[in-house]
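The structure presented is a predicted model; accordingly, all values stated were derived computationally and were not measured. Numbered from 1 within each chain, the chains take letters A, B, ... in sequence-line order. Below, each value reflects all heavy atoms present in this structure, side chains not excepted, and no hydrogens, waters or symmetry copies.
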Number of protein chains: 2
Amino acid sequence: MTKSDLEMKAREMLKAAKLYCTSGRIDILLVLMKAGKPLSQNQISKRSGKNRFDKVTIYRTLESLLSVGLVHKAFMEKRAWHFELANHCTERQCHPHFTCTNCGDTYCLTEISLPMAKSPHKGFVIHRQQVRLEGLCPACA
Amino acid sequence: MTKSDLEMKAREMLKAAKLYCTSGRIDILLVLMKAGKPLSQNQISKRSGKNRFDKVTIYRTLESLLSVGLVHKAFMEKRAWHFELANHCTERQCHPHFTCTNCGDTYCLTEISLPMAKSPHKGFVIHRQQVRLEGLCPACA
DNA sequence: GTAAAATATGCAACTTAGTTGCAAATATTT
DNA sequence: AAATATTTGCAACTAAGTTGCATATTTTAC
Ligand SMILES: [Mn+2]
Ligand SMILES: [Mn+2]
Ligand SMILES: [Zn+2]
Ligand SMILES: [Zn+2]
């Protein structure tokens with residue numbers, strides 16, 4: 001897929017979601033598509049190349065992408081929020097994220113999925129489940 | 001269990017972990033025991049009654065409890081870290097936490113446990129798994 | 001019990017993540 | 001091209017968490 005193919009895809013995603021098609025949104029979508037793993041505001045900023053958006057803009061952009069479901073917050077034990085494209089995800093369950101306790105890298109384990117937890121009787125209604133794994137990555141094991 | 005029973009227990013936990021038995025640690029352990037759910041530094045501070053510890057002390061106390069495994073960080077989609085006693089937990093998996101998307105309350109689902117995820121071939125070694133659930137609590141369903 | 005050694009605590013100052021209001025800029029609709 | 005709707009940057013702010021250092025408390029050794 002060429003660079004402009006990706007950009008076309010980003011535009012289509014925004015259009016389908018009825019969001020204004022701005023350079024900030026396109027740029028951030030491209031960064032997330034290329035990254036293929038959850039990124040923080042800071043990481044997104046660094047990867048935005050020549051277009052440097054204000055951090056407020058990045059947060060507000062992510063918020064708008066979140067609100068239409070194009071992006072998810074990933075469940076990670078880090079200080080900063082991490083965002084990723086909401087693909088590979090069902091309505092009820094995102095793929096697990098694995099973080100290496102040695103090198104700190106995080107991987108999306110899109111091949112794995114756990115059965116949904118069963119509600120513990122007393123009337124909890126479970127809508128969504130997120131799983132976080134930690135251990136050693138191939139390089140550190 | 002009377003108040004002093006709990007305090008005795010806290011002292012024993014600290015002794016067994018070879019940590020100095022200070023009023024701060026005892027106090028924070030008591031708060032966590034009584035709470036029975038993950039609390040932030042701020043919440044712990046408010047619940048500490050007449051003994052008000054500096055927030056730096058609370059963080060450092062939690063760090064020491066973490067380092068000997070008496071306390072865990074719970075995996076929550078909130079801005080602040082949340083800590084809880086590390087009981088009801090196996091080495092490999094803590095109980096799932098459920099957060100109500102309506103009222104925001106969090107519950108420890110100690111009755112539930114999911115099977116451990118299987119490593120996706122390529123050499124990941126999984127040590128620990130955490131599960132977060134969201135949906136509606138009995139009061140909000 | 002007392003002194004020495006080891007560790008915890010408070011305070012002030014700092015860093016980093018995320019938010020808010022408002023005026024200027026850009027995107028869409030007409 | 002103008003009118004309208006929405007986004008963006010900037011500056012100033014809040015909240016969470018950290019660091020250094022002097023003082024206080026806990027433990028150990030005698
Ligand atoms: Mn992912
Ligand atoms: Mn819990
Ligand atoms: Zn690693
Ligand atoms: Zn609720």
Side-chain angles (χ1 to χ4, degrees), chain A residues 7-8 10-31 38-68 70-83 104, chain B residues 7-8 10-31 38-68 70-83 104:
Chain A
E7 185 168 329
M8 284 302 275
R11 286 180 185 279
E12 278 159 25
M13 290 162 80
L14 291 170
K15 201 165 187 180
K18 297 188 178 173
L19 287 181
Y20 274 31
C21 217
T22 69
S23 57
R25 285 185 185 145
I26 292 168
D27 209 62
I28 288 172
L29 278 178
L30 290 180
V31 168
L39 299 178
S40 66
Q41 174 292 299
N42 208 350
Q43 294 173 309
I44 291 172
S45 177
K46 284 181 189 149
R47 294 176 185 223
S48 290
K50 55 179 193 303
N51 321 310
R52 267 296 157 66
F53 294 92
D54 191 88
K55 85 178 161 161
V56 180
T57 301
I58 297 178
Y59 280 118
R60 287 199 276 226
T61 298
L62 290 167
E63 172 54 37
S64 70
L65 298 175
L66 266 179
S67 73
V68 297
L70 285 175
V71 151
H72 281 168
K73 258 184 213 170
F75 181 33
M76 313 207 358
E77 207 160 54
K78 307 222 167 137
R79 196 97 115 60
W81 294 341
H82 283 64
F83 303 84
Chain B
E7 186 169 329
M8 284 302 277
R11 286 180 185 279
E12 279 159 26
M13 291 162 78
L14 291 170
K15 200 166 188 181
K18 298 188 178 172
L19 287 181
Y20 275 30
C21 217
T22 69
S23 57
R25 285 183 184 146
I26 293 167
D27 209 61
I28 287 172
L29 278 178
L30 289 180
V31 167
L39 300 179
S40 65
Q41 176 289 304
N42 207 351
Q43 292 173 311
I44 291 171
S45 177
K46 284 181 189 148
R47 293 176 186 222
S48 291
K50 56 179 191 306
N51 321 312
R52 268 295 157 66
F53 294 93
D54 190 87
K55 85 179 161 156
V56 179
T57 300
I58 297 178
Y59 280 118
R60 288 200 274 225
T61 298
L62 290 167
E63 173 53 37
S64 69
L65 298 175
L66 266 178
S67 72
V68 296
L70 284 175
V71 152
H72 282 169
K73 260 185 209 169
F75 181 34
M76 313 208 357
E77 208 160 52
K78 307 224 167 137
R79 195 100 116 54
W81 294 341
H82 283 63
F83 302 83

Trainee: Among D/dT8, D/dT27, C/dA12, which nucleotide has an atom closest to any side-chain atom of A/Thr57?
Mentor: D/dT8

Trainee: Just how far, in rounded Å, is P of D/dA16 from CG of B/Leu62?
Mentor: 14 Å

Trainee: Taking A/Arg52 for its side chain and A/Ser45 for its backbone only, find out whether a donor-acceptor pair lies under 3.5 Å.
Mentor: yes

Trainee: Any base atoms under 4.0 Å from B/Thr61, or only sugar-phosphate, or nothing? Heavy atoms, all strands.
Mentor: sugar-phosphate

Trainee: Between C1' on D/dT18 and CZ on A/Arg79, what's the gap in Å once rounded to a whole number?
Mentor: 8 Å

Trainee: Round to a whole Å and report the spacing from CZ of B/Arg60 to P of D/dT26.
Mentor: 17 Å

Trainee: Please give me the minimum heavy-atom distance between A/Met13 and A/Leu70, naming the atom from each residue.
Mentor: CE-CD2, 3.8 Å

Trainee: Please find the pair of heavy atoms, one from A/Ser64 and one from A/Arg25, that lie closest to each other, and give the distance.
Mentor: OG-NE, 3.2 Å

Trainee: Drop me the distance from B/Ser48's OG to B/Phe53's CZ, to the nearest 0.5 angstrom.
Mentor: 7.0 Å

Trainee: Tell me the interatomic distance from B/Lys55, atom NZ, to C/dT16, atom P, rounded to whole angstroms.
Mentor: 15 Å

Trainee: Could you please name the option among C/dT28, C/dT9, D/dA16 that lies closest to any side-chain atom of B/Phe53?
Mentor: C/dT9

Trainee: Nearest whole angstrom, please: distance from the C1' of C/dT9 to the CD1 of B/Ile26.
Mentor: 15 Å

Trainee: Counting only side-chain N and O atoms of B/Trp81, is one of them less than 4.0 Å from OP1 or OP2 of D/dG17?
Mentor: yes

Trainee: Rounded to whole Å, please give me the gap between OH in B/Tyr59 and C1' in C/dC11.
Mentor: 16 Å

Trainee: Would you mind reading off the distance between B/Leu19 atom CG and D/dT27 atom P, rounded to a whole angstrom?
Mentor: 10 Å

Trainee: Nearest whole Å is fine: how far is D/dG20 P from B/Asp54 CG?
Mentor: 16 Å

Trainee: Choosing from D/dT7, C/dA8, C/dT19, which nucleotide comes nearest the side chain of A/Tyr20?
Mentor: D/dT7

Trainee: For B/Thr22 and A/Ser23, take the nucleotide of DNA chain D holding the closest heavy atom to each; which residue's nucleotide lies nearer the 5' end?
Mentor: A/Ser23

Trainee: Might you point out which heavy atoms bring B/Tyr20 and B/Leu14 nearest each other, and give the distance in Å?
Mentor: O-CD1, 4.4 Å

